[in-house]
Q: 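Below is the structure I would like to discuss, written out as structure tokens.
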Amino acid sequence: DTAVSQTPKYLVTQMGNDKSIKCEQNLGHDTMYWYKQDSKKFLKIMFSYNNKELIINETVPNRFSPKSPDKAHLNLHINSLELGDSAVYFCASSQEGGHEQYFGPGTRLTVT
Amino acid sequence: AQSVSQHNHHVILSEAASLELGCNYSYGGTVNLFWYVQYPGQHLQLLLKYFSGDPLVKGIKGFEAEFIKSKFSFNLRKPSVQWSDTAEYFCAVNARGSSASKIIFGSGTRLSIRP
């Protein structure tokens with residue numbers, strides 16, 4: 001059984017487009033996260049939701065908008081994509097903030 | 001603000017060599033500590049964690065880490081590495097009791113094992 005799943009796994013798109021990445025967890029966790037991993041493997045948190053409520057919003061351009069329809073889902077919508085948005089985006093979940101996180105397989109976004 | 005430092009960016013070892021990866025954090029209060037591993041092309045997986053109790057923590061695949069509070073360190077060790085340990089290793093810290101509880105990751109250490 002997949003604990004944390006993301007779709008799509010690969011996403012290639014042109015500058016200026018709008019795209020979404022979906023994330024679902026079946027672990028019953030209350031907290032979900034989005035991370036961006038750049039080409040140097042640096043992992044930076046972007047957002048965190050607890051029970052559908054936004055609790056962490058790091059310095060991220062407002063072109064990025066997370067949406068949590070329920071506590072098992074946290075989607076990421078990106079408007080007006082730029083070259084610098086190319087990265088691997090990981091979704092994660094945890095029982096509550098500060099506990100170990102379970103990561104999804106990642107979505108490799110390439111903006112051309 | 002809390003931060004995590006991993007001083008070794010790339011470590012290259014031969015099989016059967018012993019491993020120690022450094023991790024230091026900056027935060028004066030109580031912390032939860034983690035080591036994650038990312039195998040090539042895969043997602044991050046938890047290797048081990050420390051919340052409280054015995055500062056020597058054993059994880060999966062023969063890894064262990066020691067929390068030394070006085071040194072703000074949580075170094076990862078393995079007595080004898082294998083080629084399959086080739087991966088990126090991330091240390092992570094959570095400041096317990098912080099208002100927006102989040103885990104801060106270090107910049108990662110790439111481990112390459114020569115067969």
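Just so we're on the same page: letters track the sequence lines, and every chain starts at 1.
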Q: Contact part of B:Q45 toward chain A, heavy-atom cut-off under 4.5 Å: side chain, backbone, both or neither?
A: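 Neither part.
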Q: State plainly whether one hydrophobic cluster holds both B:V81 and B:V37, where clusters connect Ile, Leu, Val, Met, Phe, Trp and Tyr through side-chain heavy atoms under 4.5 angstrom apart.
A: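 Yes; tracing contacts between hydrophobic side chains, which count when under 4.5 Å, links both residues.
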Q: What option among A:Y102, A:F90, A:F42 has the most heavy-atom pairs under 4.5 Å with chain B?
A: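 The option with the most such pairs is A:F90.
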Q: For A:Q6, which atoms come within 4.5 Å of any heavy atom of chain B: side chain, backbone, both, or neither?
A: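 Looking at A:Q6, nothing touches chain B.
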Q: Flag yes if more than 12 heavy atoms outside A:K71 fall under 6.0 Å of its NZ atom; otherwise flag no.
A: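 More than 12 within 6.0 Å, yes.
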Q: Same cluster or not: A:V88 versus A:L83, using hydrophobic residues (I, L, V, M, F, W, Y) connected whenever any side-chain heavy atoms lie under 4.5 Å apart?
A: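 Different clusters.
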Q: Taking atom CD as the centre, does B:Q42 end up with more than 12 heavy-atom neighbours from other residues, nucleotides or ligands that are less than 6.0 angstrom away?
A: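 Enclosed: over 12 neighbouring heavy atoms sit under 6.0 Å from CD of B:Q42.
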Q: Looking at CG of B:N94 and OG of A:S94, how far apart are the two atoms once the value is rounded to the nearest 0.5 Å?
A: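 Result: 9.0 Å between the selected atoms.
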Q: Under 4.5 Å between side-chain heavy atoms, counting indirect links through other Ile/Leu/Val/Met/Phe/Trp/Tyr residues: same cluster for A:W34 and A:V111 or not?
A: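 The answer is yes; both residues are in one hydrophobic cluster.
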Q: Taking atom NZ of A:K44 as the centre, does the number of heavy atoms from other residues, nucleotides or ligands within less than 6.0 Å exceed 12?
A: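 More than 12 within 6.0 Å, yes.
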Q: For a 4.5 angstrom cut-off between non-hydrogen side-chain atoms, does B:F51 reach A:E100?
A: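 Side chain of B:F51 against side chain of A:E100, heavy atoms only: contact under 4.5 Å found.
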Q: Take B:Y36 and A:F103, measure what ring-ring contact (aromatic ring centres under 6.0 Å, His included) needs, and give me the verdict at the end.
A: CA-CA 10 Å; B:Y36 284 84; A:F103 284 78; 5.6 Å; yes
Q: Relative to chain A, which segment of B:L44 carries a heavy atom at a distance below 4.5 Å: side chain, backbone, both, or neither?
A: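 Both backbone and side chain of B:L44 come within 4.5 Å of chain A.
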Q: Under a 4.0 Å threshold between the charged nitrogen and the carboxylate oxygen, would A:K41 count as salt-bridged to B:E88?
A: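 Salt bridge absent between B:E88 and A:K41.
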Q: Sort A:Y35 into side chain, backbone, both or neither according to what part of it lies under 4.5 angstrom from a heavy atom of chain B.
A: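 Contact with chain B is through the side chain of A:Y35 alone.
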Q: Could you see if A:L54 belongs to whatever hydrophobic cluster contains A:M32? Use Ile, Leu, Val, Met, Phe, Trp, Tyr and a side-chain cutoff under 4.5 Å.
A: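 Result: yes, single cluster for both.
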